[in-house]
2 protein chains.
Amino acid sequence: MYNIEKEMDDYIKVFKALSDMTRLKIMWLLLNIDEKVCVSEIVDVLEVYQYNVSRHLRILKDAKLINEVKEGKWVFYHLSPLEGEFGQFVHKAICSIPETEMTKEMTRCKVKLALRTKDDDIPYPGT
Amino acid sequence: MYNIEKEMDDYIKVFKALSDMTRLKIMWLLLNIDEKVCVSEIVDVLEVYQYNVSRHLRILKDAKLINEVKEGKWVFYHLSPLEGEFGQFVHKAICSIPETEMTKEMTRCKVKLALRTKDDDIPYPGT
DNA sequence: TATACATATGTGTTTTTGCGCATATGTAGA
DNA sequence: TCTACATATGCGCAAAAACACATATGTATA
């Protein structure tokens, strides 16, 4: 793996990506459920329009905080693997935000994940 | 010391405060020199107009990242005391930004600090 | 291929942010 | 009190960011 020097702009891009309610919530969820999630799940959990979720995910991805994996109809997003101290501390900072601030979202998220039809051959998300 | 519950907005305010080049540099310097600095010193070190430095400092202060102490003509700014995990990890994240990104500023900063006339009764900053 | 579902994007609008200029406020010293 | 230095702020502008609406793209399935 290359060790491309990060520039100041890259650090700023990370902070900027995290300075929005929706995006911070997405990161918090990804860190706390330790699962990849697809766009429509985030839409339901955060109650934000699909087109806005898509755009926010793009910004997080441009900041190298998340990555996408396409699976059939769905595009799943998950945390990017950590590659340096900076990212680790950023993760820890986000993790230190108490669940108190996210109870509603966390509840909805757990429900959503439970609805995933893992039984038969139908791949993932449920109704 | 009161333990006022932070809200999601407070965390966002911190990230937003750090998502600007000038402000991130100010925080990096404060963390790396372990000294309070006054506005005019920052102006010289970062080569940013005085009125903009003032404004950026205000934003950092509103995010509770720094505090001010007035001394004579000068207003010194220093890091706010840490009060929780979140702040600690944010500090560590900023500290993990390598000096490579700040060589010019760091040099000028050391020069500036050395110029402080601590000898006679004249209080602080030098020419 | 037609349809439904999932995701992304083009466009226009509103809000927010950062900056420059001018100026106000505040402090110390002649 | 007058002047110089240090800091803060009101105002207008330009760029960036966030959002809503419509629509495009992409995939699976009947």
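Side-chain atoms are counted along with the backbone in the values below, which use heavy atoms only and exclude waters and symmetry mates. Each chain gets a letter, A, B and so on, in the order its sequence line appears, and its residues count up from 1.
Every residue two or more places apart in sequence or in another chain that forms a ring-ring contact (aromatic ring centres under 6.0 Å, His included) with F15(A) is listed here: F86(A).
As rounded to whole Å, 11 Å separates atom P of dT7(C) from atom CD of E71(A). If you measure from atom CZ of R58(B) to atom C1' of dA8(D), you get 8 Å, rounded to the nearest angstrom. Between the C1' atom of dT16(C) and the NZ atom of K13(B) lies a distance of 15 Å, rounded to the nearest Å. Atom pair K73(A):NZ and dA6(C):P shows a separation of 5 Å (rounding to whole Å applied). When rounded to the nearest whole Å, the span between CZ of F76(A) and P of dA6(C) equals 11 Å. Atom NZ of K70(A) is separated from atom C1' of dA6(C) by 12 Å (rounded to the nearest Å). Here dT17(C) presents its C1' atom at 14 Å from CG of D62(B), a figure rounded to the nearest Å. At whole-Å resolution of the value, CG in D44(B) and C1' in dT7(D) are 14 Å apart.
Between K16(B) and R23(B), the closest heavy-atom pair is O-NH2, 3.2 Å. Taking both residues in full, the closest heavy atoms of L24(B) and Y11(A) are given as CD2-CB, 4.1 Å, listed atom of the first, atom of the second, then distance.
A donor atom on one side chain and an acceptor atom on the other are not found under 3.5 Å apart for T103(A) and E99(A).
Listed candidates were dA28(C), dA8(D), dA8(C). Nearest to the side chain of Y77(A) is dA8(C). Nearest nucleotide to the W74(A) side chain, out of dT7(C), dT9(D), dC5(C): dT7(C).
With respect to the salt-bridge test (charged N to carboxylate O, under 4.0 angstrom), the residues K112(A) and E35(A) do not qualify. The pair E101(A)-K6(B) does not meet the salt-bridge criterion, since no charged nitrogen lies less than 4.0 angstrom from a carboxylate oxygen. With respect to E47(A) and K104(A), no salt bridge is recorded, no charged nitrogen being found less than 4.0 Å from a carboxylate O.
Taking side-chain N and O atoms only, S40(A) has no distance below 4.0 Å to OP1 or OP2 of dC5(C).
For a distance-only test at 3.5 Å, the side chain of Q50(B) qualifies as a donor-acceptor partner of the base of dA8(D).
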Show the distances under 3.5 angstrom between N or O atoms of the protein and N or O atoms of nucleotides 15-19 of chain D.
from	atom 1	to	atom 2	distance (Å)
dA18(D)	OP1	R23(A)	NH2	3.1
dA18(D)	OP2	R23(A)	NH1	3.3
dC19(D)	OP2	H56(A)	NE2	2.8

